[in-house]
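Scroll down for the structure; my scribbles are underneath it.
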Amino acid sequence: MEYIKEHKSTFIAVCIILGIIIIFAFVNIFVKHDSLNKKYSDKEYVYTYMKSDSESKNQISRMPQINLKSDYTDNINKEIQNKFFDLTAHDFNLFDYEYSIYNGILSLLIKTDTMSVIEGTNFLNSYKDETICSNDFSNISYYVYNIDIKNKKIVSNQELLTMFNISDNDKNIKLDNILNDRFIAEKDMLKGQDLGVCNYNCYINELKLNDIKQSNVLFIKNKSLYSLYSYDLYRLYGCKNNFPDNYQNNFYFKITE
């Protein structure tokens, strides 16, 4: 007992040193594992390779690139580059992305906003312009790449559903519940627009949500699985000043908690 008391400070120092060594070893293993997967060790798994200014929209388009050592992901990067250059060749279009990593799966979502009819009017501002309506709007589209980091391969939607312990039928039931909740919440808003008094089926048809269950865009965000689907929000909000700034949140359908 006396020995322990006399050498207490030495014992504490040895424990601290051992702790530091263990932490360093774990960090070193993680860094080595990381560098084995990454093409560029100093960059994130997804990084912004190029930016392009849109003067008409006063916004910036960003081109992502996947930082993995793989011929397969190199081809995906070329595909992304081609999409980016084709789209941003027109000043009124936008190209952006977000990504997450969960359980070894890199989930990259690319969002594009392309003009349809009125040149020089972007998606949000067109809704806020009293003189512009319906078919004059731009189109929001989503492209997703879910990639197994270790095996450098695309993860199928079925594999994602299995990973989150949910069936395709469960997913569709969840979508039905979300849409029904939205319909109930937006009923009063519907009456104020040209939809008039609308039932649930009318709501689905008018907002062009019929094909949502066939959507192939599944994206991992904040450790949850989302289905993404853009639809005709102007049917709800009209073409004036009540169009929301966070309109794209409506296109995210949370499938799992």
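Starting from 1, each residue takes its place in the sequence as its number.
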side-chain contact (heavy atoms from CB on, under 4.5 Å) between Ile80 and Leu108, intermediate numbers included: CA-CA 11 Å; Ile80 292 171; Leu108 170 62; 4.0 Å; yes
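- Hydrophobic clustering of Ile, Leu, Val, Met, Phe, Trp and Tyr side chains at less than 4.5 Å, counting indirect connections, keeps Ile110 apart from Ile60.
- Between atom CG of residue Asn250 and atom CG of residue Leu207 there is a gap of 9.5 Å, rounded to the nearest 0.5 Å.
- Using a cut-off of 4.0 Å between Lys/Arg side-chain N and Asp/Glu carboxylate O, Lys83 and Asp86 are scored as not salt-bridged.
- The side-chain heavy atoms of Met50 and Gln81, taken from C-beta on, include no pair separated by under 4.5 Å.
- Smallest separation of non-hydrogen atoms from Ser61 and Leu94: OG-CA, 3.4 Å.
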Check against side-chain contact (heavy atoms from CB on, under 4.5 Å), Val144 and Leu218: CA-CA 7 Å; Val144 69; Leu218 293 181; 5.8 Å; no
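- At distances below 3.5 Å, not a single donor-acceptor pair connects side-chain atoms of Asp211 with backbone N or O atoms of Gln214.
- Counting non-hydrogen atoms of neighbouring residues, nucleotides and ligands closer than 6.0 angstrom, the CG atom of Asp71 reaches no more than 12 such neighbours.
- When atom types are taken as modelled, the side chain of Asn222 and the backbone of Ser224 share no donor-acceptor pair closer than 3.5 angstrom.
- In the displayed structure, Lys254 atom NZ is contacted under 6.0 Å by more than 12 heavy atoms of other residues, nucleotides or ligands.
- Counted within 6.0 Å of OH on Tyr252, heavy atoms from surrounding residues, nucleotides or ligands total more than 12; the atom is thus considered enclosed.
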Evaluation steps, side chain to side chain donor-acceptor pair (under 3.5 Å), between Ser215 and Tyr142: CA-CA 10 Å; Ser215 171; Tyr142 297 104; over 6 Å; no
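- By the 4.5 Å heavy-atom criterion applied to side chains, Ile149 and Leu68 are counted as neighbours.
- Side-chain atoms of Glu79 and Tyr145 form a donor-acceptor pair, as typed in the model, at a separation below 3.5 Å.
- Ring centers of Phe251 and Tyr231: under 6.0 Å apart, within the cut-off.
- Taken from CZ in Arg62 to OG in Ser52, the straight-line distance is 13.0 Å, to the nearest 0.5 Å.
- With values rounded to the nearest 0.5 angstrom, Ile204 atom CD1 is found 8.5 Å from Asn180 atom CG.
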Stepwise ring pair (Phe, Tyr, Trp, His ring centres under 6.0 Å) check, Phe95 with Phe84: CA-CA 7 Å; Phe95 192 106; Phe84 179 85; 5.2 Å; yes
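- Side-chain atoms of Asp113 do not come within 3.5 Å of backbone N or O of Ile140 as any donor-acceptor pair.
- Nearest heavy atoms, Leu228 versus Phe219: CD1-CB, 3.7 Å.
- Without hydrogens or angle criteria, Ser167 side chain to Asp170 main chain gives a donor-acceptor distance under 3.5 Å.
- Under the 3.5 Å distance criterion, the side-chain polar atoms of Asn146 are left unmatched by any main-chain donor or acceptor of Ile154.
- A donor-acceptor pair is defined here as one N or O able to donate and one able to accept, closer than 3.5 Å; such a pair exists between the side chain of Thr256 and the backbone of Leu225.
- In this structure, the side chains of Tyr45 and Asn37 come closer than 4.5 Å at one or more pairs of heavy atoms.
- Put simply, OG1 on Thr73 and NZ on Lys78 are 11.0 Å apart, with the number rounded to the nearest 0.5 Å.
- Taking a cutoff of 4.0 Å between a charged side-chain nitrogen and a carboxylate oxygen, Asp96 and Lys111 do not qualify as a salt bridge.
- Note: Ser107 OG to Tyr226 OH = 11.5 Å, rounded to the nearest 0.5 Å.
- Leu161 and Ile173 sit in two unconnected hydrophobic clusters of ILVMFWY residues. Membership requires side-chain heavy atoms under 4.5 Å apart, directly or through other members.
- Note on ring orientation: taking the six-membered ring where Trp is involved, the planes of Tyr203 and Tyr200 are parallel (angle under 30°, cut-offs 30° and 60°).
- In terms of modelled atom types and a separation under 3.5 Å, the side chain of Ser70 and the main chain of Tyr72 share a donor-acceptor contact.
- Between the side chain of Asn93 and the main chain of Thr88, no donor-acceptor pair closer than 3.5 Å is present.
- Classification of Asp176 and Lys213 as a salt-bridged pair holds, one side-chain N sitting under 4.0 Å from a carboxylate O.
- The distance from the CG atom of Asn157 to the OG atom of Ser227 is 8.5 Å, given to the nearest 0.5 Å.
- Here the side chain of Asn67 pairs no donor or acceptor atom with the backbone of Lys38 at under 3.5 angstrom.
- Taking the centre and axis of the six-membered ring of Tyr47, the NZ or CZ atom of Lys43 falls inside the cone set by 45° and 6.0 Å.
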Derivation and outcome, ring pair (Phe, Tyr, Trp, His ring centres under 6.0 Å), residues Phe164 and Tyr102: CA-CA 11 Å; Phe164 281 92; Tyr102 178 64; 5.7 Å; yes
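- Glu159 meets the side-chain hydrogen bond (donor to acceptor under 3.5 Å, both in side chains) test with Ser156; sequence neighbours excluded.
- Remark: Lys39 engages Asp74 in a salt bridge, criterion side-chain N to carboxylate O under 4.0 Å.
- Using a 4.5 Å heavy-atom cutoff, the side chains of Lys174 and Ile178 are in contact.
- Counting non-hydrogen atoms of neighbouring residues, nucleotides and ligands closer than 6.0 angstrom, the CG atom of Asn165 reaches no more than 12 such neighbours.
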Thr48/Tyr97 under side-chain contact (heavy atoms from CB on, under 4.5 Å): CA gap, chis, key distance, verdict: CA-CA 9 Å; Thr48 301; Tyr97 73 93; 2.6 Å; yes
Verdict with reasoning, Phe253 to Leu179, per side-chain contact (heavy atoms from CB on, under 4.5 Å): CA-CA 9 Å; Phe253 296 83; Leu179 291 173; 3.7 Å; yes
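- A 6.0 Å sphere centred on NZ of Lys153 holds more than 12 heavy atoms belonging to other residues, nucleotides or ligands.
- Side chains of Ile220 and Asn103 form no contact here, defined as non-hydrogen atoms less than 4.5 Å apart.
- Looking at heavy atoms from C-beta onward, Asp148 lies out of side-chain contact with Leu106 at the 4.5 angstrom threshold.
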